Number of protein chains: 2
Amino acid sequence: MEEDKFVCSEICPHFNKINNVKSLEPKSEEYQKLSNMFKLFSDETRLRIICSLLKEELCVCDLCELLGLNQSQVSHQLQLLRNSKLVKFRREGKQIFYSLDDEHVELIIQMALNHILEEEKKNGRM
Amino acid sequence: MEEDKFVCSEICPHFNKINNVKSLEPKSEEYQKLSNMFKLFSDETRLRIICSLLKEELCVCDLCELLGLNQSQVSHQLQLLRNSKLVKFRREGKQIFYSLDDEHVELIIQMALNHILEEEKKNGRM
DNA sequence: TTTTCATATGAGTATTCGTTCATATGATTG
DNA sequence: CAATCATATGAACGAATACTCATATGAAAA
């Protein structure tokens, strides 16, 4: 790893830039947490579950019905979301109702959606 | 797939909820684009590259130096970012300079970072 | 208290994805 | 035009992860 960490002779290393960036960037622990968070959004199934819960509290079975997924699939994904404290749940008889436990999620997804939609508009015009 | 798409007898399907959610949620094509976008942020290496480019235009070699990665690794990740139009680049002699080609990226990461930091604060207090 | 229903979970498998190594490309320099 | 330098790319391998199937749990109903 260290052996091929080359620096392109004398031309390239823009050390002023590099030091500038170094001073501004998040700490490495934060990078890990950030990427873990984005990982939760990166699977389409999970994302659809999250977006569904944005609007309504739903039970596992509702999610299966809504998304056309089997129960095991939904429960496994919900487990991941639970572990990351992104969703909360309450029991009501035999059913368990899930809802989002985070105020930022909606904003983040909305931003990303804005990006997508603008991208579409841009490509539509060219 | 279809066979085990059960609906928990008569109790569960909260069809009014389900229909409400259905009417509000993004279209399935958008889900795919959204998850693809988040996938780009979900790898720590890629995320560090993105965050570095947030501040400065940098050449491949700068990124290697800055992040302690080998050239192949950086180029492969840049290829993914290029394919998704998240970065742009310009050639200057032998070097290629990359920069971000998107205004939303910074906002999205900032939101997520807010989330992380608040989470930390919350846990610190308990 | 046995059965049923909604959900959770573990193991196994298939697939996706990141890294590495080797090599290619394309611009510059001698 | 041969050599060198910065970067790109393809193939192979390994690790991570999503899905499936089978089974467990825990509440309610019979």
Side-chain angles (χ1 to χ4, degrees), chain A residues 1-14 31-32 35-36 38-50 57-84 87-98, chain B residues 1-14 32 35-36 38-50 57-65 67-84 87-98:
Chain A
M1 181 183 266
E2 215 59 17
E3 323 84 33
D4 59 359
K5 192 184 111 185
F6 75 112
V7 176
C8 31
S9 42
E10 292 88 29
I11 329 162
C12 180
H14 307 90
Y31 273 127
Q32 201 185 323
S35 74
N36 282 339
F38 287 125
K39 209 163 284 172
L40 291 173
F41 295 78
S42 72
D43 176 70
E44 203 177 328
T45 298
R46 228 164 20 231
L47 188 64
R48 295 181 74 206
I49 292 176
I50 293 170
E57 181 196 58
L58 293 168
C59 71
V60 177
C61 160
D62 286 336
L63 286 167
C64 294
E65 170 70 13
L66 180 62
L67 307 175
L69 302 168
N70 64 50
Q71 180 263 321
S72 180
Q73 224 176 331
V74 171
S75 281
H76 275 293
Q77 302 299 355
L78 284 171
Q79 187 181 38
L80 292 175
L81 298 175
R82 248 166 29 223
N83 290 344
S84 302
V87 299
K88 58 180 179 234
F89 57 100
R90 65 181 180 86
R91 177 152 228 147
E92 188 178 311
K94 284 182 249 171
Q95 296 174 263
I96 298 188
F97 287 85
Y98 282 86
Chain B
M1 183 183 266
E2 215 61 16
E3 322 86 33
D4 60 358
K5 191 183 111 186
F6 75 113
V7 176
C8 32
S9 43
E10 294 88 29
I11 329 162
C12 179
H14 307 90
Q32 203 185 323
S35 75
N36 282 339
F38 287 125
K39 209 164 284 172
L40 292 172
F41 295 78
S42 73
D43 176 69
E44 203 177 327
T45 298
R46 226 160 26 230
L47 189 63
R48 296 181 74 206
I49 291 176
I50 293 170
E57 183 196 55
L58 293 168
C59 71
V60 178
C61 159
D62 285 335
L63 286 166
C64 294
E65 170 69 13
L67 307 176
L69 302 168
N70 63 51
Q71 179 263 322
S72 181
Q73 220 176 335
V74 171
S75 281
H76 276 294
Q77 302 299 356
L78 284 171
Q79 187 181 38
L80 293 175
L81 298 175
R82 248 168 26 224
N83 291 344
S84 300
V87 298
K88 59 180 180 235
F89 57 99
R90 64 181 179 87
R91 176 150 229 149
E92 190 178 308
K94 284 181 248 171
Q95 297 174 263
I96 299 188
F97 287 85
Y98 282 86

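Chain naming here is simple, since letters A, B, ... match the order of the sequence lines and numbering starts at 1 in each. What you see is a predicted model; the values in this text were computed from it and never measured.
Note: CD (A/E65) to P (C/dT7) measures 12 Å, nearest angstrom. Nucleotide D/dC5 holds its P atom 18 Å from the CG atom of B/D62, rounded to whole Å. The separation between B/Q79 atom CD and C/dT19 atom P is 14 Å, rounded to whole Å. Taking atom NE2 on B/H14 and atom P on C/dA6, their separation rounds to 11 Å, with Å as the unit. In this structure, B/Q71 atom CD and C/dT19 atom P are separated by 14 Å, rounded to whole Å.
Taking side-chain N and O atoms only, B/Q95 has no distance below 4.0 Å to OP1 or OP2 of D/dC5.
For A/R90, the salt bridge (Lys or Arg N to Asp or Glu O under 4.0 Å) partners two or more places apart in sequence, or in a different chain, are A/E57, A/E92. Every residue was checked against the side chain to side chain donor-acceptor pair (under 3.5 Å) condition with B/S72, not counting sequence neighbours, and none meets it. Residues passing the side chain to side chain donor-acceptor pair (under 3.5 Å) test with A/R46 are A/Q77, sequence neighbours excluded. Listed by chain and number, the residues in a ring-ring contact (aromatic ring centres under 6.0 Å, His included) with B/F97 are A/H14 (sequence neighbours excluded).
Heavy atoms of B/Y98 sit under 4.0 angstrom from primed sugar atoms or phosphate atoms, though from no base atom.
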Under 3.5 Å between N/O atoms: give me all the protein pairs with nucleotides 17-19 of chain D, atom names plus distance.
unit_1, atom_1, unit_2, atom_2, d
D/dA18, OP1, A/R46, NH2, 3.3
D/dA18, OP2, A/R46, NH1, 2.9
D/dC19, OP1, A/T45, OG1, 3.2
D/dC19, OP1, A/Q73, NE2, 3.3
D/dC19, OP2, A/Q77, NE2, 2.8
D/dC19, O5', A/Q73, NE2, 3.3

Below 3.5 Å is the cut-off: list the nitrogen or oxygen pairs between protein and nucleotides 24-30 of chain D, distance only.
none

- Task: Could you walk me through whether A/N36 and A/Q32 pass the side-chain contact (heavy atoms from CB on, under 4.5 Å) test, one step at a time?
- Result: CA-CA 6 Å; A/N36 282 339; A/Q32 201 185 323; 4.3 Å; yes
- Query: Hey, mind stepping through B/V74 and B/L67 against side-chain contact (heavy atoms from CB on, under 4.5 Å) and telling me if it holds?
  - Reply: CA-CA 9 Å; B/V74 171; B/L67 307 176; 5.7 Å; no
- Task: Give the intermediate values and the outcome of side-chain contact (heavy atoms from CB on, under 4.5 Å) for residues B/L78 and B/L63.
- Result: CA-CA 10 Å; B/L78 284 171; B/L63 286 166; 4.1 Å; yes
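No donor-acceptor distance shorter than 3.5 angstrom exists from the side chain of A/R82 to the backbone of A/S84, with no hydrogens or angles considered.
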